[in-house]
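Here the structure comes first, spelled out in C-alpha cells, and everything after it is commentary.
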Amino acid sequence: MASVQKDPILQVETTCGSLLFELQIIWDEVGETETDRDQMLLELERECLEVYRRKVDQANRCRAQLRQAIADAEAQLAAICSAMGERPVHIRQSDQSVGSLKQELGRILPELEEMQKRKVERRNQFIVVMEQIDSITNDIKGQGELVHSEPLIDETNLSMRKLEELHCQLQVLQKEKIDRVETIRKHLCTLYSHCSVLGMDFNEVVGQVNPTLSDPEGPRSLSDHTIEKLGAAVQKLMEVKIQRMQRLQDLATTMLELWNLMDTPIEEQQEYQHITCNIAASEHEITEANSLSEDFIKYVEAEVVRLDEVKASKMKELVLKKRSELEEICRKTHLLPVSDSAIDQTIVAIESGIVDATMVLEHLEQHISKIKEEALSRKEILERVEKWLSACDEESWLEEYNRDDNRYNAGRGAHLTLKRAEKARNLVTKLPGMVEALASKTIVWEQENGIEFLYDGIRLLSMLEEYNILRQEREEEHRRQRDQKKLQGQLIAEQEALYGSKPSPSKPLGGKKAPRMSTGGASNRRLSLGAAMHQTPKPNKKADHRHNDGALSNGRRGLDIAGLPSRKQSMNPSEMLQSPLVRKPFSPISTTVVASKANIATTTTQQLPKNNAVNEISSFATPIKNNNILRNLEEEKMMTMMMQTPKNVAAMIPIPSTPATVSVPMHTAPTPFTNNARLMSEKPEVVEYSFEERRLAFMLQSECRLV
Amino acid sequence: MTTVTPSAGRELSNPPSDGISNLRFSNNSDHLLVSSWDKRVRLYDVSTNSLKGEFLHGGAVLDCCFHDDFSGFSVGADYKVRRIVFNVGKEDILGTHDKAVRCVEYSYAAGQVITGSWDKTVKCWDPRGASGPERTQVGTYLQPERVYSMSLVGHRLVVATAGRHVNIYDLRNMSQPEQRRESSLKYQTRCVRCYPNGTGYALSSVEGRVAMEFFDLSEAAQAKKYAFKCHRKSEAGRDIVYPVNSIAFHPIYGTFATGGCDGFVNIWDGNNKKRLYQYSKYPTSISALSFSRDGQLLAVASSYTFEEGEKSQEPEAIFVRSVNEIEVKPKPKVYPNPAA
C-alpha cells in the first residue's frame, strides 16, 4: 500500500520536475530574462503554497465538525438519560480518546439511537396514562365529550418515578370515580324507592336531574353538579314523602275517629286497615309501592269525605246516642241529667243547620268525659250512699214491723222475718255512725272539688241532715207514743176502776200513720223524702210557706234547705238560742255542725253557697285567698274554653246539676287524686325554685353588676 | 353488682363553655344537638367528633330538639322559641312566651312544637307556617305552676310543673288535661320521661328518687306503680341524697339510664326492678343523657347544674360511650328450673 501511496507523489514529483525542466526549455527557447524567470518561479511556488493552505484549512474544519457532532450526540444522550432518570451508559474517559474521532462518533450514535427509541416508548406510556387521567377528570368535572386535547407532556421529566406518580393519581381518580358511581347508584336506589312509594315516574324524575342518568346503557354523568342535583332531588322527594305521609296520617286519624264515632263494622274497616296501620309509622317504615301516591291519597280522601257525609247524615242519631250515653252515666252516678228541652232545642238547631253538629258532638263528648271523671271521684261516696240507703230501707221496714202487733204470731216464714229484724236492729244501731262518716267524707269531697255533692240533684249533705232531723223527730214521736201509751194505760186503768170492764186492745195510733222514714227506691227517693216532710204529724206554717218559695231553678234545693231551719225550730227552739250565731271568723268547727250552722245563719238560698264555702274552708284553716285564686284561674280556663266553642252551642248544652253562677268554674277544680291535706300544708311555704331558675337569676344579677 | 368500667367514653372536642342544659341525638343519624348556658346551641357529628355548627342566641339556652337532620328548635331565657336551619345558619322565631322557656319538644305525630315555660303555660306551635307569630301559634294552655319538664310519647304529653303537679294531655284535644295528677314523690320534680311503649312515665325528683307511673287508671295498672331510691351515698351512717337530673330510655329495650348530681350514670330495668349497670363516676353532675337512635351510643353531659349555687366547678364535658348490649338488655328473673 505504501508503494501505491508513494507512487502518485513520485509521479507528481517527477511530473513537477519534468514540467520545470520543460518550462526551462521553453524559457530558454523564448529567451526569458532571469528576473522574469525568478518571478515566474516565485509565483509558481506561491500558488503551490496557496493550494496547500487551502487543503489544510479544509481538513481542519472537517475535524472540528466531527468533534462537534460527537459533543452533540453526547449531550443529547445525556439529556435523554437525565429525562428518563437513568445514569448515562456512556461516560467519556476524561479526554483519553480511544481511537480516532470517527471511531468515537461511530460508537456513540447507536447508543443514542437506542436511547431515543426507549424515550419514545416511555413517552407513549405517559401519553396513555395521561389520557386516562384526562378522561376521568373530564368525567368527574362533567365536561363530557368536550375538547379531547393531546395531553401535555413535560419532555424533561419522563422518569419512572413520575410515571408511578401518574399511576397513583390515576388510581385515586379511578377510586373516586367508583365512589361516585356508587353514590349515584345509592341516590338512584333511594330515588327509585321514593318514586315507587310516591307513585311517580322514576325515569322522568331522573331525567330532570340529568338526561344521562335515565339511560341504563350509556355512560352516566358523574359530575359534582349531577350528584348535588341528585341529592337535592332525593331530599325534595323525601320532603314530599314526609308531607304526604303526614297528610295520609292525618286522614287516617280522621278516619279512625269517624269509625269510632259511627261504630263502623270491621269488614268495612278492613279495606282501609293497611292505611290506618301506618298511622304512627315513621318516614322510613313506609316502603310499599304507591302507598303515598297522589291517587292513593285522593282515594283515601274520598273515603274520608264519604265517611264525613255519612257522619253528617248520622249526626242527629249520634247526638242522640251520645246523649243517651250521657244520661245513662248520669243515672248511674245519680247526677242530674241535662234537661230535655235543651237537647231538643239542640236537635232542632242541628236540623235547621244553625249549629254544626260536630261541635255539639264534641261538646257532648267533652261533657261525657268530664262527667266520667266526676263519677270516678264520686264513686266511693256513692257506694256509701247506697249502703246508707239500703240501711234506711231496712230501718223503715223495721219500723213497720215493730208497729205490727201481730209480729210474733207464728206463721209461715216468721223465723225469717225474725232473723231479718234482728239484723235490721243491728244495722240501725250502726246507722248514726254511718251517717256521720258519710257526711264527713262528703264534706271532704266538696272541699276538694269545690262544688256541692249532689245526689239526683239534691245536696247529699242536706239529705243527711234531713235524715238526722227525721230520726230525731221519730225518736221524739216514739217518746210521745210511749207517753201516750202510758197515759192510755192509766186511762184504761181508771176506766177499769170506774166501769170494771176492759176494752178490747186497740191499736193506739191506728188512724194516724207515723211518718215514713223510708227513702224509697233510687228513682223517687227525693219525692219520698219530701213526702215524709209533708206527712209530719205537726205541720207548721213555715213548712207550708216554703211551698210558695218561687225560685224554680233552685226550687228543689230551696225546698229542702228551707225546711231545715223550720224543722229545727219546731223541734227544739231552745237549742237554736243556745248555739251562737256569731262565730269567730275562720275558727274551725266540727264538720257535722257546719252545714246546719250555715243553714241557720242564712235565710236566702242565694247566699248559701258562698257562706258555705267560707265556713267549710275555714274549718280546714286555709286562707280564703287560695280558693279565690283557684277560682279565678278556673274561670280563666273556662273563658278560654268558651272562646274556642261558639257561644250558642255552649248555651244550648247546659251543664247539669249545678247552677251556672258558682259551680261551673269549680267543675274543673283540682286533681281528684290529690291528698288534700298535703297540698294545704305545702301552700304556705316559701315559693320553690328549680336550680335553673336560681341560675338564671344569678346570671341576670351578675350581668347587671357588670353593666 | 357494681361493675365499674374503666373508661368514661370518648370525650367530644370543643365542648360548651358554660352549663349544658340538654343534649339530644338525632333520630336519623349520629348528630348530637346540645344547648347550653353560654347562649349557644351546638351541633356535633359524633361519628367524626366534629363541631358542625354553632348558633348564638340572646340568652341562656335551656332546651333544644331536632326537627329533622337539617333543622331543630331551641328555647331559652330570652323568652323566644326558635327554629334553626343548620346548614344555612338561618333562624326563624316561632314566637315568644312571657317568661323564660324551660322545655321544647317536637311531636312527629302532631307535627307541632310544644314548649313549656315558667310563665305557667304550655304553647303549641306549627313550624310550617313560620311567617309570623299569629300564624305559628296553635294554642296556649294554662298550667297550675311553672313548667319544669315535659315528655311526649305518641299523642300523649306529660307536663311536670313546680308544686309537684303533673298534667297529662292528649295532643288531639289540648283544651283540657286528660288527667291531672300530683307527683307521688314528696319533693320538687326534676325530670319526666315517657316509656317508649307509651304506657306510662318515669318521674325523678331532687331527692334521689324515681317514680314509675302508668297512664291507665284501672286498679290493676295502678297497682304496678312504684318508686325507688337512687343516686345516694352512705357516709358515716348518713345518707347523702343527690338530685336526679336526667332520665333517658333505651329506644329498643325500654330500660333506662338516670344521671344525678353525684356524677354517676345508672342503667335500670324497670320491669324487673333491677339495676343493670353503673358507669364510673364522671367529673361533675350529670345534667343530661341521650341514647342514639339505635341505642348503640349514650351521650352523657357532665356539667354542674347549680345545685349548690355559684362555685368553682369542673369544666363542661360531653362523653359519648358505646353501649354494650349486656349493659342495657333486661335481665328477666332467674327461675330455678328453666323450661327446656
Side-chain angles (χ1 to χ4, degrees), chain A residues 235 238-239 242-243 245-247 249-250 253-254 257 279-284 362 365-366 369-370 372-373 376 630 633-634 636-637 639-645 668-676 678-679 682-683 685 687-703, chain B residues 18-19 21 27-28 37 59-60 62 68 70 76-77 100 102 108-111 118 120 128 139-142 144-146 148-149 154-155 162-167 172-173 175-182 184 186-190 198 206 217 243 245 261 285 287 304-310:
Chain A
Q235 188 55 37
M238 173 101 134
E239 270 160 24
I242 288 170
Q243 206 183 333
M245 187 188 73
Q246 278 167 354
R247 177 149 168 63
Q249 285 179 353
D250 283 351
T253 315
T254 322
E257 274 164 10
I279 198 159
S282 52
E283 182 269 319
H284 58 89
E362 233 167 66
E365 246 163 38
Q366 263 180 30
S369 69
K370 206 191 294 169
K372 272 185 182 160
E373 199 175 301
L376 202 70
L630 200 117
L633 210 136
E634 292 303 326
E636 269 177 42
K637 207 179 272 179
M639 289 298 281
T640 51
M641 247 176 70
M642 296 288 271
M643 267 136 79
Q644 281 164 358
T645 49
T668 51
T671 56
F673 297 106
T674 48
N675 179 345
N676 212 1
R678 209 158 62 187
L679 225 169
E682 271 184 12
K683 280 276 172 184
E685 271 180 14
V687 186
E688 52 162 349
Y689 288 110
S690 62
F691 303 145
E692 286 77 19
E693 281 164 299
R694 280 189 227 147
R695 188 175 199 155
L696 186 62
F698 176 81
M699 201 168 152
L700 295 175
Q701 227 171 38
S702 48
E703 270 174 11
Chain B
D18 200 359
S21 51
N27 279 339
N28 309 308
W37 283 83
L62 297 181
D68 44 40
F70 314 101
R102 177 67 186 91
Y108 292 93
W118 292 337
K120 303 187 184 175
R128 286 169 289 195
T140 300
Y141 311 102
L142 284 180
E145 256 294 352
R146 287 151 287 149
Y148 279 171
S149 184
H155 278 109
R164 301 165 44 252
H165 300 283
V166 178
N167 278 351
R172 292 165 293 194
N173 176 18
S175 59
Q176 284 268 42
E178 202 172 41
Q179 294 175 29
R180 297 166 204 264
R181 295 192 182 182
E182 188 181 38
S184 38
K186 284 186 192 157
Y187 293 85
Q188 191 185 88
T189 306
R190 269 310 270 161
V206 293
L217 288 172
N245 295 326
C261 286
S285 310
S287 70
Y304 176 58
T305 49
F306 214 73
E307 58 270 18
E308 286 166 19
E310 178 67 6

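Note on naming: letters A, B, ... go to the chains in the order of the sequence lines (proteins, then strands), and numbering restarts at 1 for each one. What you are looking at is a predicted structure, and each value in this text was computed from that prediction instead of being measured.
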When you check the side-chain N and O atoms of Glu693(A) and Tyr148(B), is any donor under 3.5 Å from an acceptor?
yes
Under 4.5 Å from any heavy atom of chain A - which part of [X]:
X         : value
Ala110(B) : neither
Tyr304(B) : backbone
Glu308(B) : neither

If you count every heavy atom of other residues, nucleotides or ligands that lies below 6.0 Å from Gln235(A) atom CD, does the total exceed 12?
yes
Does OH in Tyr187(B) sit with more than 12 non-hydrogen atoms of other residues, nucleotides or ligands closer than 6.0 Å?
no
Measuring heavy-atom distances to chain B, does Glu692(A) have an atom under 4.5 Å in its side chain, in its backbone, in both, or in neither?
both
Which atoms of Thr253(A) come close to chain B, meaning under 4.5 Å heavy atom to heavy atom: side chain ones, backbone ones, both, or neither?
side chain
Straight-line distance of [X] [atom1] to [Y] [atom2], nearest 0.5 Å:
X         : Y         : atom1 : atom2 : value
Asn28(B)  : Met238(A) : CG    : CE    : 6.0 Å
Arg694(A) : Glu310(B) : CZ    : CD    : 13.5 Å
Glu239(A) : Asp68(B)  : CD    : CG    : 7.5 Å

Measuring only between side-chain heavy atoms, which start at C-beta, is Asp18(B) closer than 4.5 Å to Arg695(A)?
yes
Short question: side chain of Gln246(A), backbone of Gly111(B) - any donor-acceptor pair under 3.5 Å?
no
Nearest heavy-atom approach of Ser690(A) to Gln188(B) is CA-OE1, 3.5 Å
Looking only at Gln249(A), Met699(A), Glu703(A), most heavy-atom pairs under 4.5 Å shared with chain B are made by Met699(A)
Going through the distances and angles, do Arg172(B) and Glu257(A) end up as a side-chain contact (heavy atoms from CB on, under 4.5 Å)?
CA-CA 11 Å; Arg172(B) 292 165 293 194; Glu257(A) 274 164 10; 4.2 Å; yes
Verdict with reasoning, Phe691(A) to Arg190(B), per side-chain contact (heavy atoms from CB on, under 4.5 Å):
CA-CA 9 Å; Phe691(A) 303 145; Arg190(B) 269 310 270 161; 3.3 Å; yes
Less than 4.0 Å between a side-chain N and a carboxylate O, is that true for Glu688(A) and Arg164(B)?
no
